[in-house]
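Computed from a predicted structure; not experimentally measured.
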Amino acid sequence: MSKEVVMDVAIVGGGIGGLALALFLHQRGIGCRVYEAIPEIGTVGAGINLLPHAVKQLDSLGLIPELDKVGIRTKDASYFNKYGQHIYTEPAGMNAGYKWPQYSIHRGDLQQVLLNAVIERLGPDSVVTGHRCVGVENSGDGVTVAFEDPDGTLLDPVRARICVAADGIHSVIRKQFYPDEGEPVYSGLTIWRGVVPFKPFLSGANTIRVGWMPVGKIMVYPIRDNIDDEGNQLMNWVVTQERPKPDSMDWNKPAKLEDFFEPFKDWHFDWLDVPELLRQTPRPLIFPMVDRDPVETWTFGRTTLLGDAAHPMYPRGSNGAGQSILDGKILSQRLSEKGLTEEALQLYDKERVAKTAQVVLTNRKNPPDAILREVYERSGNQPFDRIQDLISDEELAEISASYKRIAGFAKEQLNAE
């Protein structure tokens, strides 16, 4: 009789969090395999900012050279009101004195860097596609993971010592353990996003935030450099407006320009023509700004959650992908220290649940773009003569610094660790 094959760790989900975890586990000599629902992993989504605390962990995996090939090292971040008046600029990444850069990067490019590294280091069989998880069962010293193919046909179950659910905001495994949680919580804000070739602006590596929700807010930053012979960058933009709850929670639903364009039609600034940027975008997408309320635990027996399955958050602090990378780093450390045990998962749980809950709640109330809120409210949405008459440089800096402390990338602490 053949002995049942039990792998060390089954990772459900081949996104940024799941792939990063696979690399951290491999680095510590822990076997794993990634199971992804879609038949083929491709370059989807739009831009993200990868902050220094996450880049530090990817640097420990030796990935900086690959990130430099596909991303842009962010130099600074700037805030403006809807009249194009400058509010505040702060340096970013190594320009701010961090030991690690900050990257503006296409989510799909980052995922491809991680996928290539997993295949190269763990082997071609380390990522299995077309496997949609439909449930897990903890039993004894292991866990059984059930899968179906894209047509809904049940596949052979997988036995592992540990199962990590990195299957996103609509996680099947989270729903199994929290069956009454319901759908994600809508913020009252809807987001439109797009990517488009466009001329560089300001420093050429700047992240700008302009306006505020009642009058429209836009965030713009480049995510690929020198994409053509005309010196264009691939520009990523994110528009946010107050809207009623949509009927669909689809994150990649096509949108029409007229659905969101009106508030921005006159935003012609010396440093960026916003309406032209929006008009030239070939395929804008719409999705609701949602998250979930923090829960007390992610861990059930030998199964735990990671990334958006554990702590989905508003994309207002550029921190969702970064926190999933930190999850993977800490989880791999605890499994290395305590073995493939429930104790290791509980230690990971104790450390990460509380920290990420703080980030989720802060993203709701006081993310970095709260700078725009303060100026909008204090100015009454009117132009100002001097920004210092509304808010001091010290207060602006503290809003940003407070978020860095909560999210785990305060410069002095991060550089000293």
Side-chain angles (χ1 to χ4, degrees), residues 4-27 30-46 48 58 61 63 66-67 70 105-137 142-176 249-253 285 287 303-310 312 320-321 324-325 327-328 331-332:
E4 180 185 32
V5 177
V6 180
M7 72 177 63
D8 287 347
V9 180
I11 302 171
V12 177
I16 291 169
L19 294 171
L21 173 61
L23 291 170
F24 288 127
L25 291 173
H26 176 261
Q27 187 181 54
I30 300 172
C32 64
R33 182 168 287 165
V34 178
Y35 295 88
E36 168 56 43
I38 63 175
E40 183 177 357
I41 299 176
T43 301
V44 296
I48 60 172
L58 297 182
L61 295 170
L63 295 178
E66 297 307 311
L67 294 175
V70 296
I105 190 170
H106 196 293
R107 177 181 292 272
D109 289 344
L110 172 59
Q111 187 173 9
Q112 193 64 50
V113 165
L114 296 171
L115 178 61
N116 291 344
V118 170
I119 297 299
E120 178 184 345
R121 300 176 191 185
L122 280 70
D125 298 330
S126 57
V127 178
V128 181
T129 57
H131 276 59
R132 178 182 177 274
C133 179
V134 293
V136 296
E137 181 181 355
V143 57
T144 302
V145 190
F147 293 99
E148 64 181 21
D149 68 14
D151 296 325
T153 302
L154 283 176
L155 299 168
D156 291 337
V158 169
R159 283 286 291 170
R161 298 283 301 282
I162 297 292
C163 175
V164 181
D167 50 342
I169 191 170
H170 297 296
S171 169
V172 170
I173 295 175
R174 177 172 174 140
K175 186 174 182 179
Q176 176 178 328
M249 288 289 185
D250 185 352
W251 283 63
N252 290 287
K253 183 179 179 181
L285 302 173
F287 65 98
T303 302
T304 195
L305 310 178
L306 178 146
D308 281 350
S324 70
I325 291 168
D327 291 344
L331 178 54
S332 68

Q. What's the verdict on side-chain hydrogen bond (donor to acceptor under 3.5 Å, both in side chains) for R159 and T144, showing C-alpha distance, side-chain angles and the deciding distance?
A. CA-CA 5 Å; R159 283 286 291 170; T144 302; 3.0 Å; yes

Q: Check whether any side-chain heavy atom of L110 sits under 4.5 Å from a side-chain heavy atom of L67, and report yes or no.
A: yes

Q: Have a look at C32 and tell me which of L25, V164, V118, I162 forms a side-chain contact (heavy atoms from CB on, under 4.5 Å) with it.
A: L25

Q | I41 vs E36 side-chain heavy atoms within contact, under 4.5 Å | A | yes

Q) Just wondering, do R107 and I48 contact through their side chains at under 4.5 Å, heavy atoms? A) yes

(Q) Within this structure, what is the OG-CD1 distance for the pair S126 and I119, rounded to the nearest 0.5 Å? (A) 4.0 Å

Q: Would you please test Q112 and N116 for side-chain hydrogen bond (donor to acceptor under 3.5 Å, both in side chains) and show each step?
A: CA-CA 6 Å; Q112 193 64 50; N116 291 344; 2.9 Å; yes

(Q) Treating S332 as the side-chain partner and G328 as the backbone partner, does any N or O pair qualify as donor plus acceptor under 3.5 Å? (A) yes

Would you give me the side-chain donor-acceptor pairs under 3.5 Å for residues 7-24, sequence neighbours excluded?
| unit_1 | atom_1 | unit_2 | atom_2 | d |
| --- | --- | --- | --- | --- |
| D8 | OD2 | G31 | N | 3.0 |

Q. Does D167 reach the side chain of D308, with side-chain heavy atoms less than 4.5 Å apart?
A. no

Q. From Q27 CD over to L61 CG, what is the distance, rounded to the nearest 0.5 angstrom?
A. 5.0 Å

Q) Looking at E66 and V113, what are the two nearest heavy atoms and their distance? A) CB-CG1, 3.8 Å

Q | Steps toward side-chain contact (heavy atoms from CB on, under 4.5 Å) verdict (D125, R33) | A | CA-CA 8 Å; D125 298 330; R33 182 168 287 165; 4.2 Å; yes

Q) Going through the distances and angles, do V172 and R132 end up as a side-chain contact (heavy atoms from CB on, under 4.5 Å)? A) CA-CA 9 Å; V172 170; R132 178 182 177 274; 3.8 Å; yes

Q) Has the side chain of D151 got a donor or acceptor atom that lies under 3.5 Å from a matching backbone atom of T153? A) no

Q: Looking only at non-hydrogen atoms, find the nearest pair between P39 and P150 and report the distance.
A: CG-CG, 3.9 Å

(Q) I need the minimum non-hydrogen distance between R174 and S171, along with the two atoms involved. (A) N-OG, 2.9 Å

Q: Apply side-chain contact (heavy atoms from CB on, under 4.5 Å) to V134 and F147, showing your working.
A: CA-CA 5 Å; V134 293; F147 293 99; 5.8 Å; no

**Q.** Heavy-atom pair with the smallest gap, counting every atom of L63 and A117
**A.** CD2-CB, 4.0 Å

**Q.** Exercise: identify the closest heavy-atom pair between G130 and L155
**A.** O-CD1, 3.8 Å

Q.
Contact between C133 and V145 at the side-chain level, heavy atoms closer than 4.5 Å - yes or no?
A. yes

Q. Does the side-chain contact (heavy atoms from CB on, under 4.5 Å) test come out yes or no for I325 and L58, once each step is laid out?
A. CA-CA 8 Å; I325 291 168; L58 297 182; 4.0 Å; yes

Q | Main-chain N/O of E148 paired with H131 side-chain donor or acceptor, under 3.5 Å | A | no

